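As structure tokens, the structure follows; a few thoughts come after it.
From a predicted model like this one, the values you see are computed outputs, not experimental measurements.
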Amino acid sequence: MPKWLWPLVGLGAILLFNAFATPTFFEITVRGGNLYGSLIDVLNRSAPTALVALGMTLVIATGGIDLSVGAIIAIAGVVAAIGINKPGKPFLMVLAESTAWAIALGAWNGLLVGYARVQPIVATLVLLVAGRGIAQLLSDGQIITFTDPRLASFGVGRLWGLPVSITLVAGTALSLALLARLTAMSLFVECVGESSTASRYTGIDARAVRLTVYGISGLCAGLAGLLVVAQTKAADANTAGLYIELDAILAVVIGGSSLSGGKFSLWGTWLGALMMQALTTTILTRGIPIEWTLIVKASLVLAVSLLQSRSAGFLLRGRPA
Amino acid sequence: MKVTAITLLLLLCVAALRYPGFFSATVFTDLLRDNAFLGIAAIGMTFVILSGGIDLSVGAVIGFVSIFSSRLMRDADLPGPIIVLLSISIGVAFGVCQGWLISRCSLPPFLVTLAGMFVARGLAFAVSMEAITITDPLYRFAAQSRLTLPLMFLATFAAAAFALGRRSFGRNVYALGGNADSALLMGVPVARVRIAVYAVSGFCAALAGIAHGVYTSSGNATAGTLFELDAIAAVVIGGATLTGGVGTVSGSVLGVLVLGVIQTAITFEGTLSSWWTKITTGVLLLFFILLQRVFKRTATDPHSME
């Protein structure tokens, strides 16, 4: 049974509920060659979380965790906003600079976890604590606004009638899936996650694998940072990407990858992110107070992990664990 | 912990030389007062981290207790002591639920307390989105003296140090964190100890929520946002390892004071922007975890392959 089956069923259930409860949910209108509607909205709004969660999937598959993604979003966003405001700077240079920061910060996490062998939670906690400070230092504590249409097009632009963000997420998911499955990378990642001792005996350089996945996670967070900044046309070091690490971890868990490492599913993660956004949108359209989304998300995650947990299975069947 | 104490002394010396008037009773009372709720939360977190777990729900529980108690005062008109008791029982019950899920259903602590954080924060918002001013006589009385919060902090510290250092419960916590399997074979009631540490953390978080109410004279659903990170940072700076089994409450309290002195020094400096607090905390955290790695590498078994 594929790992992405359960999040797909969950997403289907939410959509089915909406089909009866909110008939307009499935309406897609075409205006000026562009598609609009609730479904498109769900895809678009889930994009930053989905991007971060895709990178996080690989990190979690190695038995790690990356708490610093929100801080990386803030830094990458601030760097992009500062760059775009410099007259005469080539646009590609701005993108490259922001992404380079993100990859470097991710690689820094990878060095700490892989080479200095610091526990992933503490290693990435360093950047989580310091990261927003660095972003504020770069932006001098200001919210940096910009008007450049090229960067803004990431957030509000359309490609093939769909928001650019959707193409970005799909492209990232596809590249990561190809990278993981066409090369031996997924094998290495899963092996390190299952048992780093066993992978050492088989000759896998676990340190390099860890460095790579944290670098990828940084890159994904950087792309999400570009999206967040482009959508608001402003880089706010304090709030950009706040709490996104939690949503991303939830998306990965709902997507069927185990927090203890090993087998992973990138498509499951995307579905997980979509499912959470669909749930949030549903709660909003039904007029339920927004504060309940937190509780619903928490129950969902507990339910999913209880289903995955072996001893809980015994518990439900009335046998001792 | 020795390194933490030395760091604290160094920071104090530098601060005293740089800012005349730093070494005064007011500054030190304020240091304890401003960091009382962080300190109390960090003491609870120490129990969890010593047992090899983690509790991300601390900040959200502070927020819930803060808003829940002030709403009860405004709308139910209950007397202060009953509200305090009720808040603390809720904190403990919350911790027990988390501990039960972690221990009986073998779910990862990270995930359970992450969900707990969402539940507590969501409930806090459900109680009231707006801040509520506290008018309860007990809280008013407690807020009158500058010594109330430092005393609460020190009393929690004394109780925790006693429980960890002088009771069998403390030994069980260290044994569980050192190696859960060996602890089980030695006859440590592993499941009960595991639930108990989360109950202690819930208790401390609720107490910290009450301290927050006394400190700000108001209840707020967003109180304690991202507080768990400061608490974890303080515990790690205090010399505990996140793998469990190593660390002390005194270390964590020193860690809290280190963070507090940095904050005070940056306030004294005046020209430095607030973000330097975050950066310094991060750098300190990095310094301490790297230090732990160095010590561990020289101290642990020679059979280690890496």
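Contacts of A/Leu127 with chain B are absent, with no heavy-atom separation under 4.5 Å from either backbone or side chain. Only the side chain of B/Val236 comes within contact range of chain A, with heavy atoms under 4.5 Å apart. Both the backbone and the side chain of B/Leu286 come within less than 4.5 Å of a heavy atom in chain A. With a 4.5 Å cut-off on non-hydrogen atoms, B/Leu123 touches chain A through its backbone and its side chain both. Proximity to chain B (any heavy atom under 4.5 Å) is shown, for A/Leu300, by neither the backbone nor the side chain. Heavy atoms closer than 4.5 Å to chain A are found nowhere in B/Leu284, neither backbone nor side chain.
Of all the heavy atoms in A/Ile295 and B/Gly122, the pair that sits closest is CD1-C, 3.8 Å. Listed here is the closest heavy atom pair of B/Gly282 and A/Val126: O-CG1, 3.6 Å.
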**Message:** Walk me through whether B/Leu111 and A/Val253 qualify under side-chain contact (heavy atoms from CB on, under 4.5 Å).
**Reply:** CA-CA 9 Å; B/Leu111 199 66; A/Val253 172; 3.8 Å; yes
**Asked** Does the side-chain contact (heavy atoms from CB on, under 4.5 Å) test come out yes or no for B/Val119 and A/Leu302, once each step is laid out?
**Response** CA-CA 11 Å; B/Val119 170; A/Leu302 280 182; 5.8 Å; no
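Between the CG atom in B/Leu107 and the CG atom in A/Leu306 there is a gap of 5.0 Å [rounded to 0.5 Å]. In this structure, the separation between CG on B/Leu114 and CD1 on A/Ile65 is 8.0 Å, given to the nearest 0.5 Å. Rounding to the nearest 0.5 Å gives a distance of 5.5 Å between CD1 of B/Ile279 and CD1 of A/Ile134. The distance from atom OG1 of A/Thr293 to atom CZ of B/Phe125, rounded to the nearest 0.5 Å, is 9.5 Å. A distance of 8.5 Å separates CG of A/Leu294 from CE of B/Met117, quoted to the nearest 0.5 Å. One distance of note links OG of A/Ser260 with CZ of B/Phe110; it measures 13.0 Å at 0.5 Å rounding.
Counting heavy atoms from C-beta on, the side chains of B/Leu285 and A/Leu125 come closer than 4.5 Å. At a threshold of 4.5 Å between non-hydrogen side-chain atoms, the residues A/Asp247 and B/Phe118 count as touching.
Note: B/Ala126 leads B/Ala120, B/Ala124, B/Ala126 in heavy-atom pairs under 4.5 Å with chain A. Most heavy-atom pairs under 4.5 Å with chain B: of the set A/Val129, A/Leu246, A/Val122, A/Leu137, this distinction falls to A/Leu137. Across A/Leu112, A/Leu67, A/Val118, the residue that shares the most heavy-atom pairs under 4.5 angstrom with chain B is A/Val118.
Atom CH2 of A/Trp101 sits in a sparse spot, with 12 or fewer heavy atoms from other residues, nucleotides or ligands closer than 6.0 Å.
Residue A/Gln119 forms a side chain to side chain contact (heavy atoms under 4.5 Å, CB included) with just one option from B/Thr241, B/Ile289, B/Thr243, and that option is B/Thr243.
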